[in-house]
Amino acid sequence: MRKPIIAGNWKMNKTAAECRELIAALAPKVKDATCDVVVCVPFTDIAAAAELCRGTNIAVGAQNVAWADCGAFTGEISAAMLVEAGAEYVVIGHSERRQYFGETDKTVNARLVQALKNGLSPIVCVGEMLADRESGKTDEVCRTQVTGAFENISAVDAEKTVIAYEPVWAIGTGKTATDEQANETIGHIRSVVCELYGKKVADGMRIQYGGSMNAKNVAGLMAQPEIDGGLIGGASLKADDFAIIVNAAK
Ligand code: 13P
């Protein structure tokens, strides 16, 4: 049995003061959750979030991590910095980073190595563009992204990693993959993990769905056997909505 994991990806939203308000409102609403609960906040919110989440069942994550320990990498944040600030998780390879900031499978892999080396729990994002789905390339794109991300990653480390399947056409569009589409592609991703690491790792790996997941569609998605949780953007910015999603993930 895989324990579901619901993670909010706040993207570039909420100042530290707003972060405190949201977590203060959220914590009592999710205190009885049976899934893992994570909020992936902007870098400048991590310390505040960690302080407010201490003693709760909410873990804090970052939204990216540098591929180097330290050095001349202007604008980057290292894994050690994230850990010291209180992050336990980190999102890697989100489609917005791939689209707008030149993230590639190679850099995703390098960031994943760095996260694992420093004891962060990675959430690696993969997913196809609309044109890929329409031309029947969904499985191929996901296969390439998963294979690239996990290059030279050991089975022991792969086991600690969560994958988020996020079809790019479903992100922020209000257009969700159907329950069956999400389940089918996640099943395919699991089969790729099985080819890379064998059945035990594949069966144990948690694979989330992301893309316009909300309080209304969570039950249908979570009822699918391959879907182990969600990576939630817009709906994670409201305590009530995010709590409904968390509490539906059993
Ligand atoms: P939305 O839930 O806003 O569609 O965003 C999904 C996402 O990109 C989470 O990482």
Side-chain angles (χ1 to χ4, degrees), residues 3-14 16 19 23 35-54 57-71 73 75-127 145-146 148-154 156-166 171 193 205-210 228-233 236 242:
K3 187 177 187 189
I5 172 168
I6 297 290
N9 174 9
W10 290 9
K11 308 192 179 184
M12 195 175 72
N13 293 291
K14 306 288 176 190
C19 163
I23 291 176
C35 63
D36 285 338
V37 186
V38 186
V39 288
C40 298
V41 303
F43 292 130
T44 49
D45 293 0
I46 292 173
E51 187 192 313
L52 277 192
C53 289
R54 200 166 299 135
N57 57 335
I58 307 173
V60 177
Q63 298 171 17
N64 196 7
V65 60
W67 58 65
D69 287 329
C70 60
F73 297 97
E76 288 288 292
I77 308 282
S78 75
M81 292 169 186
L82 296 180
V83 170
E84 194 175 295
E88 293 176 62
Y89 286 81
V90 61
V91 173
I92 299 174
H94 191 277
S95 65
E96 285 147 20
R97 301 239 36 110
R98 294 179 191 257
Q99 272 183 290
Y100 308 136
F101 302 100
E103 199 75 63
T104 64
D105 293 336
K106 231 183 159 47
T107 58
V108 168
N109 173 250
R111 294 184 198 278
L112 178 57
V113 168
Q114 199 63 14
L116 288 162
K117 192 174 103 180
N118 287 275
L120 287 164
S121 299
I123 300 175
V124 173
C125 303
V126 300
Q145 291 179 348
V146 170
F150 284 90
E151 197 174 324
N152 295 323
I153 301 288
S154 70
V156 171
D157 277 343
E159 271 178 334
K160 299 175 193 154
T161 305
V162 173
I163 295 179
Y165 166 58
E166 300 205 299
I171 294 177
V193 174
M205 184 177 278
R206 296 187 293 180
I207 309 181
Q208 301 171 306
Y209 169 76
D228 304 319
L231 185 57
I232 292 103
S236 72
F242 191 59

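For clarity, every value in this text was computed on a predicted model and none was experimentally measured. Starting from 1, each residue takes its place in the sequence as its number.
Taking CG of L116 as the reference point, atom CD of E159 lies at 11.5 Å (rounded to 0.5 Å). Taken from SG in C125 to CD in Q208, the straight-line distance is 8.0 Å, to the nearest 0.5 Å. The CG atom of L112 sits 7.5 Å away from the CG atom of D157 when rounded to the nearest 0.5 Å. Here F150 contributes atom CZ and I163 contributes atom CD1; the two are 4.0 Å apart, rounded to the nearest 0.5 Å.
For N9 (side chain) and G233 (main-chain N/O), no donor-acceptor pair under 3.5 Å exists by modelled atom type. A donor-acceptor contact shorter than 3.5 Å links the side chain of R206 to the backbone of K3.
The side-chain contact (heavy atoms from CB on, under 4.5 Å) with I5 is formed by just one residue from the set D36, V37, L231, I207; it is D36.
At least one side-chain heavy atom of I6 sits under 4.5 Å from a side-chain heavy atom of F242. By the 4.5 Å heavy-atom criterion applied to side chains, H94 and I123 are not counted as neighbours. Between E151 and D105 the shortest side-chain heavy-atom distance does not fall below 4.5 Å.
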Could you go through the side-chain contact (heavy atoms from CB on, under 4.5 Å) check for I77 and L82 one step at a time?
-> CA-CA 7 Å; I77 308 282; L82 296 180; 3.6 Å; yes
side-chain contact (heavy atoms from CB on, under 4.5 Å) between N109 and K106: does it pass, once the steps are laid out?
-> CA-CA 5 Å; N109 173 250; K106 231 183 159 47; 5.7 Å; no
Going through the distances and angles, do R98 and V126 end up as a side-chain contact (heavy atoms from CB on, under 4.5 Å)?
-> CA-CA 10 Å; R98 294 179 191 257; V126 300; 4.3 Å; yes
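Pairs passing the salt bridge (charged side-chain N to carboxylate O under 4.0 Å, His left out) check and including a residue from residues 108-122, sequence neighbours excluded, read D69-K117, E76-R111, E103-R111.
Take K14 and apply the salt bridge (charged side-chain N to carboxylate O under 4.0 Å, His left out) test, not counting sequence neighbours, and it matches no residue. Residues that satisfy the side-chain contact (heavy atoms from CB on, under 4.5 Å) test with P42, not counting sequence neighbours, are W10, T44, D45, Q63.
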